[in-house]
Q: 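Starting off with a structure, shown below.
Just so it is clear, the structure is predicted and the values come from calculations on it, not from any experiment.
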Amino acid sequence: MPVLTAATWDARYAAGRRYRPVSPEEEELFRRTVGPGAGRHALDVGCGTGGFAGFLHALGYAVTGTDFASTAVSLARAEHRAPNVNFACMDADGEWQELKSQRFDVISCRLSYAFIRDKEKFLNRVRKHLRPEGVFHVMTPCADHVPEPRKGTGLTAAELEELRQGWSQSSEYDLDSEHKWLAFTC
């Protein structure tokens with residue numbers, strides 16, 4: 001898959017491109033498996049225009065959404081103005097300096113994990129920033145189930161297997177014919 005730059009994503013968002021909204025099935029899985037926020041803290045990596053961050057906030061989470069496309073972050077800030085919802089430009093493949101030593105109860109990577117270049121380094125950062133018993137949530141297309149032009153937006157079977165390694169607990173569901181919904185606990 002070619003590397004997509006922040007400028008590429010900025011151009012897509014500036015042109016009005018929006019991506020998959022949170023489905024009722026996805027909402028139900030999250031509520032049942034991860035649960036309400038009750039003031040807990042969530043990090044939404046690759047938040048785009050903030051749709052999932054808005055869902056998390058509605059569940060009672062204090063949310064930090066990050067994306068490396070500044071246009072997406074600007075749109076998210078405009079669309080999701082609420083107490084305890086913040087958005088920041090941050091490259092998931094970067095050093096996460098913006099987060100300092102913050103720890104989260106939930107870290108979500110919805111529709112963005114396939115685009116992470118160094119997945120091992122990324123997962124190490126996720127584990128570092130998760131609180132004990134914290135949940136890492138991933139919703140992703142599967143490369144074997146998406147049309148040929150979009151194969152690069154999904155995870156291969158090998159990448160899914162690597163993602164499953166090193167967690168104390170996991171939940172996994174076929175959300176629909178193309179997407180997996182996964183939650184992992186440290």
Side-chain angles (χ1 to χ4, degrees), residues 13 17-67 72-73 75-87 92 103-116 119 122-123 126-127 129-147 150 153-157 159-186:
Y13 286 113
R17 183 81 187 264
R18 298 299 180 269
Y19 298 90
R20 181 187 170 111
V22 182
S23 70
E25 296 81 10
E26 190 178 355
E27 289 179 4
E28 176 56 29
L29 278 172
F30 194 91
R31 280 186 187 96
R32 187 176 38 158
T33 308
V34 182
R40 296 188 299 160
H41 294 267
L43 173 66
D44 186 15
V45 178
C47 69
T49 58
F52 196 71
F55 164 71
L56 291 170
H57 180 259
L59 281 181
Y61 287 89
V63 184
T64 300
T66 65
D67 203 291
V73 170
L75 291 166
R77 285 179 179 146
E79 292 176 27
H80 302 280
R81 294 175 192 250
N84 295 322
V85 178
N86 299 294
F87 296 96
R103 301 204 52 197
F104 298 89
D105 301 290
V106 173
I107 296 178
S108 177
C109 197
R110 183 181 181 272
L111 298 173
S112 55
Y113 187 78
F115 299 101
I116 304 293
K119 290 178 176 50
F122 175 80
L123 289 173
V126 166
R127 286 181 176 99
H129 287 277
L130 269 178
R131 289 192 173 122
E133 303 300 315
V135 175
F136 177 47
H137 164 258
V138 177
M139 196 279 272
T140 187
C142 297
D144 294 343
H145 298 104
V146 295
R150 293 190 306 123
T153 66
L155 296 181
T156 65
E159 288 172 320
L160 281 167
E161 191 53 41
E162 287 174 8
L163 176 59
R164 293 178 183 114
Q165 301 304 310
W167 301 99
S168 66
Q169 296 178 0
S170 67
S171 300
E172 184 172 330
Y173 301 91
D174 291 327
L175 188 57
D176 56 37
S177 63
E178 292 183 7
H179 297 85
K180 286 261 187 219
W181 188 99
L182 307 105
F184 305 101
T185 306
C186 288

Q: So which of R20, E25, H145, R110 actually passes side chain to side chain donor-acceptor pair (under 3.5 Å) with H179?
A: R20
Q: Over all heavy atoms of both residues, which pair between S171 and T33 is shortest? Give the atoms and the distance, please.
A: OG-CG2, 3.5 Å
Q: For side-chain contact (heavy atoms from CB on, under 4.5 Å), just list the numbers for L163 and L123, CA-CA rounded to whole Å, side-chain angles, deciding distance to a tenth of an Å, and then say yes or no.
A: CA-CA 8 Å; L163 176 59; L123 289 173; 4.0 Å; yes
Q: If every non-hydrogen atom of R17 is compared with every non-hydrogen atom of Y19, which pair is closest and at what distance?
A: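 Looks like CG-OH, 3.2 Å.
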Q: What heavy-atom pair brings C47 and F87 nearest, and what distance separates the two atoms?
A: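 Closest approach of C47 to F87, heavy atoms only: SG-CD2, 3.8 Å.
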Q: Could you pull out all residues at least two apart from H80 that satisfy ring-ring contact (aromatic ring centres under 6.0 Å, His included)?
A: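 Here no residue qualifies.
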Q: Is R18 close to L75 at the side-chain level, that is, under 4.5 Å between some pair of heavy atoms?
A: yes
Q: Taking the side chain as everything from C-beta on, heavy atoms only, tell me whether L111 gets closer than 4.5 Å to P141.
A: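 In contact.
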Q: Kindly indicate, with the supporting measurements, whether the criterion side-chain contact (heavy atoms from CB on, under 4.5 Å) is fulfilled by L130 and R103.
A: CA-CA 5 Å; L130 269 178; R103 301 204 52 197; 5.5 Å; no
Q: Quick check on R81: does its CZ atom have over 12 non-hydrogen neighbours (other residues, nucleotides or ligands) under 6.0 Å away?
A: no
Q: Other residues, nucleotides and ligands only: do more than 12 of their heavy atoms fall within 6.0 Å of CD on E133?
A: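 No, not enclosed.
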Q: Which heavy-atom pair separates G50 from A76 by the least distance, and what is that distance?
A: N-CB, 3.8 Å
Q: In Å and rounded to the nearest 0.5 Å, what is the CG to CD distance from L175 to E26?
A: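 These two atoms lie 5.5 Å from each other.
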Q: Restricting to pairs with a member in residues 51-63, which pass side chain to side chain donor-acceptor pair (under 3.5 Å), not counting sequence neighbours?
A: R40-Y61
Q: Taking all non-hydrogen atoms of both residues into account, name the closest pair between D44 and A53 and its distance.
A: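 Closest approach of D44 to A53, heavy atoms only: OD2-N, 3.3 Å.
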Q: How long is the straight-line distance from NE2 of H41 back to CG of D105, given to the nearest 0.5 Å?
A: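 Here the interatomic distance stands at 7.0 Å.
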Q: Using 0.5 Å steps for rounding, measure from the CZ atom of F115 to the CG atom of L155.
A: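 Nearest 0.5 Å value for the CZ-CG distance: 10.0 Å.
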Q: Return the set of residues passing ring-ring contact (aromatic ring centres under 6.0 Å, His included) with F30 (not counting sequence neighbours), or none when no residue passes.
A: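 By the ring-ring contact (aromatic ring centres under 6.0 Å, His included) rule, F30 matches F52, F55, H137.
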Q: Can you tell me how far apart CG (L160) and NZ (K180) are? Round to the nearest 0.5 Å.
A: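 Atom-to-atom, L160:CG and K180:NZ are 7.0 Å apart.
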Q: Nearest 0.5 Å, what's the CG-CD distance between L56 and E27?
A: 10.5 Å
Q: Does F104 have its ring centroid less than 6.0 Å away from the ring centroid of F136?
A: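 For F104 and F136, the ring centres are not under 6.0 Å apart.
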Q: Can you name the nearest heavy-atom pair linking G48 to Y13, along with the distance?
A: CA-OH, 3.3 Å
Q: What verdict does the side-chain contact (heavy atoms from CB on, under 4.5 Å) test give for Y173 and M139, after you've listed the backbone C-alpha separation in whole Å, the side-chain angles of each residue and the deciding distance to 0.1 Å?
A: CA-CA 10 Å; Y173 301 91; M139 196 279 272; over 6 Å; no
Q: Quick check for you: to the nearest 0.5 Å, what is the distance between F122 atom CZ and S112 atom OG?
A: 6.5 Å
Q: Is there a donor-acceptor pair closer than 3.5 Å between any side-chain N or O of T185 and the backbone N or O of S168?
A: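 Checked: no pair found.
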